[in-house]
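A quick write-up on the structure given underneath.
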There are 2 protein chains.
Amino acid sequence: MAGIRAKQKEKTRQALINAAMNQLSAENGFSSLSLREVAREAGIAPTSFYRHFRDMDELGLTLVDECGLSLRQLLRQARQRIESGGSIIRVSIETFMQFVADNTATFRLLLQERSGRSRSFRLAVVREIDHFKAELEDYLVNEQSFTRELAELQSDTIAKIVFSAGADCFDVDEEAREIITEKTIQQVRLVARGAEATRRLLKRQP
Amino acid sequence: MAGIRAKQKEKTRQALINAAMNQLSAENGFSSLSLREVAREAGIAPTSFYRHFRDMDELGLTLVDECGLSLRQLLRQARQRIESGGSIIRVSIETFMQFVADNTATFRLLLQERSGRSRSFRLAVVREIDHFKAELEDYLVNEQSFTRELAELQSDTIAKIVFSAGADCFDVDEEAREIITEKTIQQVRLVARGAEATRRLLKRQP
DNA sequence: ACATTCAGCGTACAGGTGTACGCTGTCTTG
DNA sequence: CAAGACAGCGTACACCTGTACGCTGAATGT
């Protein structure tokens with residue numbers, strides 16, 4: 001039951017996924033990428049593609065899922081590292097930016113399909129971003145004692161800032177990326193400060 | 001010299017632009033839209049397309065430019081209306097959201113090409129967003145007496161929030177759009193409050 | 001051992017794509 | 001009024017696309 005067969009299938013499936021990612025990073029959006037070319041780069045016949053995915057869209061959704069998943073895992077690791085001291089904002093954002101640098105192709109897909117193509121694509125992306133927001137929101141409620149409402153407003157704001165900043169990194173070199181990272185840290189601190197001020201404001205006049 | 005000829009040319013040029021916008025709004029990203037289909041919808045032969053644009057990319061860049069231009073005009077009008085009283089944040093954001101609702105197709109193009117396709121596309125979009133930020137930044141310096149540095153940080157943050165919020169409006173009905181608008185107003189106020197707090201902080205320890 | 005499953009292949013087809021080339025008829029200019 | 005510019009057309013071509021269909025050979029289940 002080792003599945004020498006299933007193992008090989010999984011291998012070519014990964015080859016397809018990698019091929020798609022490569023062709024994405026080269027240039028061009030996901031929609032302008034062809035089944036045939038992806039199959040060619042993966043080293044299989046065009047018609048064999050269908051043994052793995054119903055169509056290109058299904059492959060695309062897989063990419064989105066994988067991207068979101070590994071981002072979340074990375075951030076969770078980062079948060080654990082923080083429990084032994086360190087600025088949560090700095091570490092989280094540095095981790096995020098490193099992720100974007102290492103996964104430019106898929107992250108670009110994420111942002112691009114967020115406002116494009118089919119509805120199912122958009123929903124998939126929204127789902128990933130919602131995961132991100134939810135974890136941040138919980139942190140703000142549990143560790144920083146914000147009200148649900150204010151935590152929700154804050155986490156949504158931060159998500160918008162951070163994902164936009166990720167997009168700003170696409171065309172730039174490492175040096176510029178560090179500048180953007182520092183700027184983003186400042187921006188998130190701006191929001192945190194604003195939320196803190198709002199909390200105090202609400203305490204005085206509830 | 002009225003140019004009955006030039007007039008006709010401009011007319012079909014607009015027809016091409018409109019056709020492209022229509023096909024954009026239907027679904028699908030810009031890159032998956034074909035010269036032939038655009039020409040067909042505009043009512044001209046495919047080969048006549050070249051009398052107006054070198055290729056589809058040139059048409060796309062034109063769309064981006066027009067979108068940014070009319071957004072800026074609208075916001076400038078809104079700011080004039082404010083001089084006779086009213087919350088600048090509320091009016092600006094409501095105007096912005098109305099613009100997105102009225103120009104979903106091109107605004108989607110803007111956001112999509114921001115993180116996609118060719119470098120020249122991305123730069124064009126960045127340019128439009130920079131215009132937006134610059135006008136906001138000037139306002140913050142001149143009318144609210146912020147330092148350049150803090151105004152820059154603030155305007156960049158707000159631009160990120162507002163453009164992201166615009167993207168959130170794509171799939172939703174009018175009711176949900178109003179909710180998003182209100183949320184965005186709160187978020188921008190959060191940032192403004194954070195910037196205010198930062199300013200005070202810096203005054204105490206410069 | 002044999003029968004079944006199934007990943008991958010090759011062929012084939014209908015349809016779409018961008019664009020080169022040369023023509024037409026009308027507006028514009030001299 | 002003649003000469004030229006030029007928007008738009010039709011034809012033609014080479015190329016790429018998705019996918020239907022049936023086959024093969026090896027891994028698997030009995």
Side-chain angles (χ1 to χ4, degrees), chain A residues 1-24 26-63 109 112-113 116-118 120-121, chain B residues 1-24 26-63 109 112-113 116-118 120-121:
Chain A
M1 220 174 268
I4 154 165
R5 185 126 184 193
K7 201 151 272 179
Q8 176 55 30
K9 178 165 185 180
E10 181 57 27
K11 204 169 154 191
T12 59
R13 190 187 134 100
Q14 271 303 323
L16 283 170
I17 290 177
N18 290 340
M21 292 208 306
N22 272 350
Q23 313 217 293
L24 233 35
E27 50 178 11
N28 290 340
F30 179 80
S31 58
S32 71
L33 176 108
S34 96
L35 184 152
R36 279 179 112 103
E37 273 194 28
V38 170
R40 197 175 305 138
E41 182 162 334
I44 64 171
T47 47
S48 302
F49 179 94
Y50 298 104
R51 304 283 181 197
H52 302 272
F53 303 97
R54 184 189 309 278
D55 50 27
M56 283 296 287
D57 276 15
E58 198 172 297
L59 204 183
L61 289 175
T62 304
L63 287 183
L109 172 69
Q112 206 163 175
E113 297 308 323
R117 278 188 75 59
S118 64
S120 59
F121 255 83
Chain B
M1 222 174 270
I4 153 163
R5 187 131 188 183
K7 200 151 273 182
Q8 175 57 28
K9 178 166 186 180
E10 181 56 28
K11 204 170 155 189
T12 60
R13 189 187 136 101
Q14 269 303 321
L16 283 170
I17 290 176
N18 290 340
M21 292 209 305
N22 272 349
Q23 311 214 290
L24 233 35
E27 52 179 10
N28 292 339
F30 179 80
S31 59
S32 70
L33 145 125
S34 95
L35 183 153
R36 280 178 112 105
E37 271 194 31
V38 170
R40 198 174 308 139
E41 182 163 334
I44 64 170
T47 46
S48 303
F49 179 94
Y50 298 103
R51 303 283 182 198
H52 303 272
F53 303 97
R54 182 188 311 277
D55 50 27
M56 282 296 286
D57 276 16
E58 196 172 300
L59 205 183
L61 289 175
T62 305
L63 287 183
L109 172 68
Q112 208 164 174
E113 298 308 323
R117 279 187 76 61
S118 64
S120 59
F121 255 83

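For the numbers below, each heavy atom of this structure counts, side chains included, while hydrogens, waters and symmetry mates do not.
Shown here are the side chain to side chain donor-acceptor pair (under 3.5 Å) partners of B:Ser34, two or more places apart in sequence or in another chain: there are none. Qualifying side-chain contact (heavy atoms from CB on, under 4.5 Å) partners for B:Thr12, counting only residues two or more places apart in sequence or in other chains: B:Gln8, B:His52. B:Glu10 pairs by the side-chain contact (heavy atoms from CB on, under 4.5 Å) definition with B:Arg13, B:Gln14, not counting sequence neighbours.
Remark: C1' of D:dA7 and CD1 of B:Ile4 are 13 Å apart, rounded to the nearest angstrom. At whole-Å resolution of the value, NZ in A:Lys7 and P in D:dT28 are 10 Å apart. What separates CG of B:Leu35 from C1' of C:dA20 is a distance of 14 Å, to the nearest Å. In this structure, the CZ atom of A:Arg5 is 15 Å from the P atom of C:dT4, given to the nearest Å. The interatomic distance linking A:Phe53 (CZ) with D:dG18 (P) rounds to 15 Å, in whole Å. As a whole-Å value, the separation of A:Arg13 CZ from C:dC6 P is 17 Å. Note: CD (A:Gln8) to C1' (D:dA26) measures 11 Å, nearest angstrom. Put simply, NZ on B:Lys11 is 16 Å from P on D:dA7, counting in whole angstrom units.
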The contact string for nucleotides 9-16 of chain C, one letter per nucleotide 5' to 3', using protein heavy atoms under 4.0 Å with B, S and - for base, sugar-phosphate only and none, comes out as BB-B----
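Looking only at side-chain heavy atoms (C-beta outward), A:Val38 and A:Phe53 stay at 4.5 Å or farther from each other.
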Name the atoms and distances for all side-chain donor-acceptor pairs under 3.5 Å in residues 43-50 of chain A, with sequence neighbours left out.
none

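OP1 or OP2 of D:dA7 has not a single side-chain nitrogen or oxygen of B:Thr12 nearer than 4.0 Å.
Residue A:His52 has its side chain nearest to C:dG8 when only C:dC27, C:dG18, C:dG8 are considered.
Listed by first and then second residue, the salt bridge (Lys or Arg N to Asp or Glu O under 4.0 Å) pairs involving residues 46-63 of chain A are A:Arg54-A:Glu58, A:Asp57-A:Arg117 (not counting sequence neighbours).
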